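Worksheet: one structure, shown below.
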Amino acid sequence: MNIEHFLSKTISAAVNQLFTLNTKPEDVILQKTKKEFEGDFTLVTFPYIKAAKLSPEKTGEAIGEEISRLNSDISTYNVVKGFLNISLSTSFWLKQFKTISADAHYGIKPANSSGKQIMLEYSSPNTNKPLHLGHVRNNLLGYAVASILKTQGHDVVKVNLVNDRGIHICKSMLAWKLFGNGETPESSGLKGDHLVGKYYVEFDKAYKKEIQELTSQGMSKENAEKQAPLMVQAQEMLLKWEAGDPETIKLWKMMNNWVYDGFKVSYQKLGVEFDKTYYESNTYLLGKEVVQEGLEKGIFYKKENNSVAIDLSADKLDEKIVLRSDGTSVYITQDLGTAIERFKEYPKTSQMIYTVGNEQDYHFKVLFKILEKLGYDWAKECYHLSYGMVELPEGKMKSREGTVVDADDLMDGMVEAAREVTEASGKIDSFSQEEKDTLFTTIGMGALKYFILKVDPKKKMLFDPKESIDLQGNTGPFIQYAHARIKSILRNYNKPTKDLVIEANIHLHEKERELVKLLYDFPKVLEEAAKTYNPSDVANYTYELAKLFNQFFSECPVLKEENNAVREFRIKLIESTALVIKNGMLSLGIEVPERM
RNA sequence: GGUCCGGUAGCUCAGCUGGAUAGAGCAGCUGCCUUCUAAGCAGCAGGCCAUUGGUUCGAAUCCAAUCCGGAUCACCA
């Protein structure tokens, strides 16, 4: 039921006949007719005027006449300069809509029906600090892309790779040991991840002070950074950890568990989840065999100092070290090992997607290239879902310096803002307290999620904490509101809608026709978003649909419509609209309320 | 310096596989609630699409150069 395709066929047949051309249907470029003009689809006639030996207008007329003759679904056409605007008949659109409204899963393919399994990694936090706005973008983006891929029938395995080891955790541990006085989440009343983050900041403050003292004594900045007692101690702690020192491991486990307790709460508020969680403490040694394998295949080479490297200069990626001279792994070694391990663990997986910020673009180019050179055929299916940084008006966020927008604060603030607006409206006075709280969360989180997801992932985005996220206009709550309005009408109707018949001979209001046309686009939008890993397509589409519904709502009565056939069509129309809004939003990880 | 990404209304963003008069929202100004939810609708105002050249019947969109901003080029992760 691809309309463009069958129109293209008609058009190519027409131009081939008229102008003795050999155009294929896929060469015909159709676009949606702009709002200011009458029509459903537009053909630009310039490409044909040469063969036609006619003016653009006459060419358009000729094609229009011929396709109307060939295809009875084309009701009228008009020509404006070099543009042929084609209108399909109302009965044709109603036929399309009948199919749409009969499909309870319109646009959504059955679970696991594609036969393709995709592993998608996202979130991947460090355990030395709480989540901030940057992580929020990562989590929401990863979860949304996973959901969108699921609408295409793919089996998506969501994985988290927790960075639970390394020097940064040792910094928090050391600071807690030195300055913490045994403080715990219970004793401080702080959420575990926030408590650990507090000591990460403490470390940095004390460390900076040490550096300053040393440099004022005449030491170079570089040396001071290395020789500051705190840094030396942190390094020692890391060595102890790697050696399995019981006391260090005990401290590490305790503090990491505080963090996990905290993350659990944040993840739940964000509404994200994972099928599998990996920990770097288990994977950081992986990849050494891979290096051996690469050496044997001659893909890697040993340098004089015993480190192992690969030359990627032919691919414009320079030389890259894959093993240090002391034989230990670098970051990319782990990633190589982990990737290979995962494909062994999930043999059905044919693609791996990494949701990681664009500051690591280079890293992933190198990673995929090495995997390819090692001969893993799935390497070309690996994809770096690279997203832009979230910036504040004063620039990048820095955890160490505390210039971050905390994820928990942000979420709580949004829910609170939703509460204020909702209570002021007085529309939910009959709700129970529990229903109210759920609604505030739905709206507040809807606003936050939509705000982030409507922006093209590739682009960096700006967030100004002084200007709170809007609840009006192009926002999540605007879309949620349209859904709630429809549900309200359907509640008032209070009868089953299943047996309502869509009559073929009703006249369509302009907004009704637009709604049908826009609903028709939904499956393509999801498909495209899945193909390009871009939730913003779905977000923008859903907003367009909600806006169009609001226009329809103010111009067309539903329950008060006196003509039976029209009224019943409208009920079906808004029912499908609500379903598409809901499924569009759910594919972004955003809930829609029945009432608000 | 090399590579990559970006520069569209006062602000935040769409549009970028070339097509008609460049779109939304916010902020500002006007109207519209005794009628299915006004978190809404209708309207006004706001633009040398960074600059310059090129390709084309046609360029915000493609190409080149320049300017501005950011990222990256570790035996860090």
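In the text below, chain A, chain B and the rest are named by the order of the sequence lines, each starting its count at 1. Bear in mind the structure is a predicted one, so any value in this text is a computation, not a measurement.
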Sequence-distant partners of [X], salt bridge (charged side-chain N to carboxylate O under 4.0 Å, His left out), two or more places apart:
X        : result
A:Lys369 : A:Asp315, A:Glu372
A:Lys221 : A:Glu225
A:Glu416 : A:Arg419
A:Lys303 : A:Glu319

Geometric class of the A:Phe478/A:Tyr543 ring pair [parallel <30°, tilted 30-60°, perpendicular >60°]: tilted
Within the 4.0 Å heavy-atom criterion, would you say [X] contacts the bases, only the backbone, or no part of the nucleic acid?
X        : value
A:Asn126 : nothing
A:Val330 : sugar-phosphate
A:Gln334 : nothing
A:Thr422 : base
A:Phe553 : base
A:Ile443 : base

Suppose you measure atom [atom1] in [N] against the same atom in [M]; what distance do you get, rounded to whole Å?
N     : M     : atom1 : answer
B:G19 : B:U61 : C1'   : 11 Å
B:G18 : B:U8  : P     : 23 Å
B:A74 : B:U55 : C1'   : 43 Å
B:C44 : B:C4  : C1'   : 43 Å
B:C62 : B:C29 : C1'   : 41 Å
B:A27 : B:A39 : P     : 14 Å

Over how many whole Å does the gap from [X] atom [atom1] to [N] atom [atom2] extend?
X        : N     : atom1 : atom2 : value
A:His483 : B:G40 : NE2   : P     : 17 Å
A:Lys171 : B:A77 : NZ    : C1'   : 11 Å
A:Phe431 : B:U37 : CZ    : P     : 13 Å

Side chain to side chain donor-acceptor pair (under 3.5 Å) pairs, two or more places apart, involving residues 465-477 of chain A: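 Residue pairs passing side chain to side chain donor-acceptor pair (under 3.5 Å), neighbours aside: A:Tyr450-A:Asn474.
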cation_pi(A:Arg485, A:Phe553) dist<6.0 Å, angle<=45: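 So A:Arg485 does make the cation-pi contact.
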[X] side-chain N/O to [N] phosphate OP1/OP2 under 4.0 Å:
X        : N     : result
A:Gln551 : B:A42 : yes
A:Tyr331 : B:A77 : no
A:Ser488 : B:U37 : yes
A:Asn550 : B:U37 : no

Centroid under 5.5 Å and tilt under 30°, A:Phe46 to B:G19: yes
Secondary structure of RNA chain B in dot-bracket form (Watson-Crick or G-U wobble, distances below 3.5 Å, | marking inter-strand pairs): (((((((..((((.....[...)))).(((((.......))))).....(((((..]....))))))))))))....
Listed partners of A:Tyr354 passing ring-ring contact (aromatic ring centres under 6.0 Å, His included), at least two apart: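 With neighbours one apart ignored, the set is A:Phe364, A:Phe368.
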Upstream residue (5' side of RNA chain B) when A:Ile332 and A:Ile29 are each assigned their closest nucleotide: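 Final value for this comparison: A:Ile29.
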Residue closer to the 5' end of RNA chain B, A:Ser329 versus A:Glu544 (nearest nucleotide):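 Comparing both residues, the 5'-ward one is A:Glu544.
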Atom pair OH/CZ of A:Tyr284 and A:Arg165 - distance to nearest 0.5 Å: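 If I round to the nearest 0.5 Å, the distance is 5.5 Å.
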Straight-line distance of A:Phe549 CZ to A:Leu518 CG, nearest 0.5 Å: 13.5 Å
Residues A:Asp204 and A:Lys171 bridged, charged N to O under 4.0 Å: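 Salt bridge flag = no for A:Lys171 with A:Asp204.
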Table please: side-chain donor-acceptor pairs of residues 528-536 of chain A below 3.5 Å, with sequence neighbours left out.
unit_1	atom_1	unit_2	atom_2	d
A:Thr532	OG1	A:Glu528	O	2.8
A:Tyr533	OH	A:Gln351	NE2	2.8
A:Asn534	OD1	A:Ser536	N	3.0
A:Asn534	OD1	A:Ser536	OG	2.6
A:Asn534	ND2	A:Ser536	OG	3.4

Nucleotide N/O of nucleotides 2-13 of chain B paired with protein N/O under 3.5 Å:
unit_1	atom_1	unit_2	atom_2	d
B:C13	OP1	A:Leu462	N	2.8

Under 3.5 Å, sequence neighbours excluded: what are the donor-acceptor pairs made by side chains of residues 452-462 of chain A?
unit_1	atom_1	unit_2	atom_2	d
A:Asp456	OD1	A:Lys458	N	3.0
A:Asp456	OD2	A:Lys458	NZ	3.4

Positions of residues 556-571 of chain A (non-hydrogen atom under 4.0 Å from RNA chain B), listed by number: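 Under 4.0 Å from RNA chain B: A:Cys556, A:Pro557, A:Val558, A:Leu559, A:Lys560.
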Sort me out a list of protein N/O and nucleotides 20-23 of chain B N/O pairs below 3.5 Å, or just none if empty.
unit_1	atom_1	unit_2	atom_2	d
B:A20	OP2	A:Lys34	NZ	3.3
B:A20	N6	A:Thr42	OG1	2.9
B:A20	N6	A:Asn85	OD1	3.1
B:A20	N1	A:Asn85	OD1	3.3
B:A20	N1	A:Asn85	ND2	3.4

Worked verdict on A:Ser12 versus A:Asp27 for side chain to side chain contact (heavy atoms under 4.5 Å, CB included): CA-CA 8 Å; A:Ser12 67; A:Asp27 296 333; over 6 Å; no
Exceeds 12 heavy-atom contacts within 6.0 angstrom, atom CD of A:Glu36: yes
